**Student:** 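Structure in structure tokens, see below.
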Amino acid sequence: MQAKWEVFYDKFIVYDGWQTVVDGLIATLQIAVSGLLIGIVLGTLIAAVKVVPKTNFVAKFLSVICDIYVGFFRGTPIVVQLLIGYFVLFPALGVQLKALNAAIAIFGMNSGAYISEIMRSGIQSVDGGQLEAARAVGLSFSVSMVKVVIPQAIKNILPTLGNEFIVLIKETSVASFITVVDLTKAFKDIASSNYEYIIPYLMLALVYLVLVIIITLGIKLLERRLAVVDRSR
Amino acid sequence: MIEVVNLKKVYGKLTVLDNISEKINAGEKVAIIGPSGSGKSTFLRCLNCLEDPTAGSIFFEGKDLADLSVNINLSRRHIGMVFQQFNLFNNKSVLDNIAMAPILVAKEERRKALRHNFAVSVSNIFSKKKKAKCAVRKKDDIKKEAYDNAMRLLKRIGLEEKAKNYPSTLSGGQKQRIAIVRALAMNPKVMLFDEPTSALDPEMVGEVLDLIKQVADEGMTMVIVTHEMGFAREVADRVLFMDKGQIIEQGSPDELFNHPKHPRLVEFLSKVL
Ligand SMILES: Nc1ncnc2c1ncn2[C@@H]1O[C@H](COP(=O)(O)OP(=O)(O)OP(=O)(O)O)[C@@H](O)[C@H]1O
Ligand SMILES: [Mg+2]
């Protein structure tokens with residue numbers, strides 16, 4: 001074991017392996033955070049389309065498009081989505097993206113599909129009287145949603161949304177399929193440079209675990225904060 | 001003020017409003033009574049198109065609200081509504097509950113004025129006849145005025161120290177009184193009440209009815225769906241009795257309560273009085 005530690009130390013400190021790991025960690029966080037933000041925006045839009053009364057053709061048409069979108073992203077593995085996006089779709093559309101940005105875009109679209117379902121149940125959990133009251137004072141549907149319904153929906157789904165963020169962090173570990181050097185890839189490179197796997201991979205697991213614990217605590221804190229605002233101020 | 005013409009509302013096979021025509025005059029206080037399920041709420045909610053009429057017209061200030069090309073949002077700003085379940089915005093403080101809509105509406109008008117002025121500046125470059133620009137209010141002024149007005153309304157109902165509270169901390173009576181002044185903050189021309197006291201504990205009914213009476217005395221046009229017969233008798237100029245989607249009898253409170261004619265009204269009154 002002593003020897004294994006020395007090999008790892010050598011690679012990690014002496015040969016600047018930590019630099020790659022830090023870069024990888026940053027890439028992982030970039031993908032997860034930006035992916036979540038894109039996902040929230042997309043998910044909210046899709047959820048909004050799904051909850052609008054389907055009275056006219058445009059609403060029905062958009063709703064079908066959203067169903068297809070959600071169906072695709074929930075029905076195929078994220079790795080497949082990454083491969084198709086990076087190697088097929090973006091080149092075909094003439095969009096030139098760095099691997100990292102492509103990963104952000106695809107993880108964003110992917111989480112958008114999941115968050116749309118979360119958001120929809122969140123919107124439906126808000127009492128219908130809230131929307132009615134906003135409409136009754138003369139606010140448009142979209143303003144009523146943005147100012148009254150969605151803030152309450154987000155509060156209701158905060159725990160689920162936090163969960164989605166955790167899932168996202170862990171899923172980014174497949175980003176190296178499209179050449180992104182993320183946290184997993186960084187440790188993998190260290191491990192395979194000298195065929196010593198135990199310590200790098202245990203460290204890798206530890207870093208993910210710590211990330212997840214930090215996020216979990218952060219969400220708890222946020223929830224408690226919002227609950228206080230609710231009770232009295 | 002509001003004219004309803006051949007209003008019909010159908011849910012699936014169930015006809016809830018059966019060809020109703022009715023007029024509500026400016027300054028009038030109209031109470032609607034009737035058995036449960038007779039369509040009172042549906043009728044009231046059709047007046048501001050919270051419920052879309054299946055057929056017929058609702059004329060308000062010369063516009064047919066049932067016509068989908070009419071901007072319903074603009075009309076609703078002049079029609080206040082108070083709900084049985086209060087429906088205060090849970091994510092807003094009491095003060096913001098009252099001030100939010102006035103601020104958003106004023107900001108929308110501000111954007112409209114800015115767009116108008118921009119168009120005028122562009123056209124003034126090309127034409128000799130210079131057109132005038134319209135005044136644009138400052139954002140800060142908009143907010144200050146709305147909050148001052150909200151505070152004034154809160155003082156009026158004696159709840160100014162609750163301004164920063166959230167609705168979940170208030171009693172039902174307080175919530176409903178705030179819901180009423182929230183509607184008043186838009187300076188409506190008419191107010192619609194759907195059983196404003198039905199969800200309240202008995203000891204809070206009085207404070208809400210008192211506020212509604214005050215508003216009535218100030219000359220507000222009102223349509224009130226209520227189960228409080230005493231209140232209807234006291235405040236209403238005219239009482240409508242609804243049954244099975246129709247207004248089957250109407251008149252002054254004295255006529256309706258003391259000399260009912262229709263057998264169904266007689267039966268209804270014998271149950272509730
Ligand atoms: N969204 C809806 N879908 C289907 N049926 C409805 C809907 N809203 C109301 N109804 C039906 O329409 C009828 C009239 O309802 P409405 O709420 O107008 O009665 P009401 O006179 O206000 O009764 P209450 O005194 O109990 O409030 C009822 O039979 C009700 O079940
Ligand atoms: Mg009702």
Side-chain angles (χ1 to χ4, degrees), chain A residues 40 44 47-48 51-60 118-161 222-233, chain B residues 41 44-45 47-52 68 71-105 107-108 162-170 175 178-179 182-188 191-192 194 199:
Chain A
I40 289 176
T44 308
V51 297
V52 188
K54 285 163 202 58
T55 44
N56 60 31
F57 175 75
V58 180
K60 276 184 202 139
I118 299 171
M119 190 63 85
R120 177 156 67 142
S121 70
I123 289 174
Q124 278 162 352
S125 74
V126 176
D127 175 35
Q130 297 285 308
L131 179 63
E132 277 190 354
R135 297 307 309 273
V137 283
L139 304 180
S140 68
F141 177 81
S142 50
V143 171
S144 306
M145 289 302 277
V146 168
K147 294 284 174 184
V148 176
V149 179
I150 290 176
Q152 295 181 47
I154 289 187
K155 203 180 125 192
N156 292 349
I157 62 172
L158 210 60
T160 331
L161 217 49
L222 196 62
E223 267 176 71
R224 206 168 307 157
R225 233 349 225 290
L226 288 175
V228 170
V229 167
D230 203 18
R231 248 174 271 127
S232 66
R233 202 178 63 175
Chain B
S41 299
L44 196 74
R45 292 158 57 80
L47 295 183
N48 65 352
C49 287
L50 269 189
E51 220 65 76
D52 272 323
L68 291 178
N71 186 343
I72 187 72
N73 297 326
L74 297 183
S75 298
R76 280 188 185 141
R77 287 167 196 173
H78 301 134
I79 307 178
M81 184 149 201
V82 175
F83 301 85
Q84 186 174 345
Q85 300 296 340
F86 331 127
N87 294 344
L88 291 183
F89 306 131
N90 293 324
N91 61 324
K92 300 272 172 199
S93 69
V94 165
L95 197 65
D96 282 325
N97 258 279
I98 303 170
M100 179 179 81
I103 291 175
L104 290 174
V105 167
K107 279 189 180 166
E108 187 187 307
K162 300 281 186 195
K164 292 261 179 303
N165 282 49
Y166 280 76
S168 55
T169 62
L170 303 172
K175 282 186 198 171
I178 290 163
R182 172 177 70 178
L184 288 178
M186 297 293 288
N187 291 321
M191 294 267 284
L192 311 177
D194 190 0

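Note that the structure is a prediction, hence the values are computed from the model and not measured.
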**Student:** For B:Q85, which residues count as a side chain to side chain donor-acceptor pair (under 3.5 Å) partner, sequence neighbours excluded?
**Tutor:** none

**Student:** Who passes salt bridge (charged side-chain N to carboxylate O under 4.0 Å, His left out) against B:R77, sequence neighbours left out?
**Tutor:**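 Counting only residues at least two positions away or on another chain, B:R77 forms a salt bridge (charged side-chain N to carboxylate O under 4.0 Å, His left out) with B:E108.
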
**Student:** Strictly distance-based, threshold 3.5 Å: is any side-chain N or O of A:Q130 a donor or acceptor partner for the main-chain N or O of B:N90?
**Tutor:**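 Yes, because the side chain of A:Q130 sits within donor-acceptor range (under 3.5 Å) of the backbone of B:N90.
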
**Student:** As an exercise: rank B:V105, B:N71, B:L104, B:L74 by heavy-atom pairs under 4.5 Å with chain A and give me the winner.
**Tutor:** B:L104

**Student:** Top residue by heavy-atom pair count (under 4.5 Å) with chain B, among A:A134, A:G129, A:P151?
**Tutor:** A:G129

**Student:** Contact between B:R45 and A:E132 at the side-chain level, heavy atoms closer than 4.5 Å - yes or no?
**Tutor:** yes

**Student:** Using non-hydrogen atoms only, which part of B:N91 is less than 4.5 Å away from chain A: side chain, backbone, both, or neither?
**Tutor:** both

**Student:** Are any side-chain N or O atoms of B:N73 and backbone N or O atoms of A:V137, one a donor and one an acceptor, separated by less than 3.5 Å?
**Tutor:** no

**Student:** Using heavy-atom distances under 4.5 Å, tell me whether A:V149 contacts chain B through its side chain, its backbone, both, or neither.
**Tutor:** neither

**Student:** Considering only heavy atoms, which portion of B:F89 lies under 4.5 Å from any heavy atom of chain A: side chain, backbone, both, or neither?
**Tutor:** both

**Student:** Do you know which two heavy atoms are closest between A:A136 and B:M81, and how far apart they sit?
**Tutor:** CB-CB, 4.0 Å

**Student:** For chain A, which candidate among B:L192, B:I72, B:N87, B:D52 shows the most heavy-atom pairs at distances under 4.5 Å?
**Tutor:** B:N87

**Student:** How far does OG of A:S140 sit from CZ of B:R76, to the nearest 0.5 angstrom?
**Tutor:** 10.5 Å

**Student:** Contact part of B:L88 toward chain A, heavy-atom cut-off under 4.5 Å: side chain, backbone, both or neither?
**Tutor:** backbone

**Student:** Side chain from CB out, backbone as N, CA, C, O: work out which of these in B:I79 comes under 4.5 Å of a heavy atom of chain A, or both, or neither.
**Tutor:**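 The backbone, not the side chain.
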
**Student:** Quick check: closest heavy atoms across B:R182 and A:A133, and the distance to 0.1 Å?
**Tutor:** NH2-CB, 3.5 Å

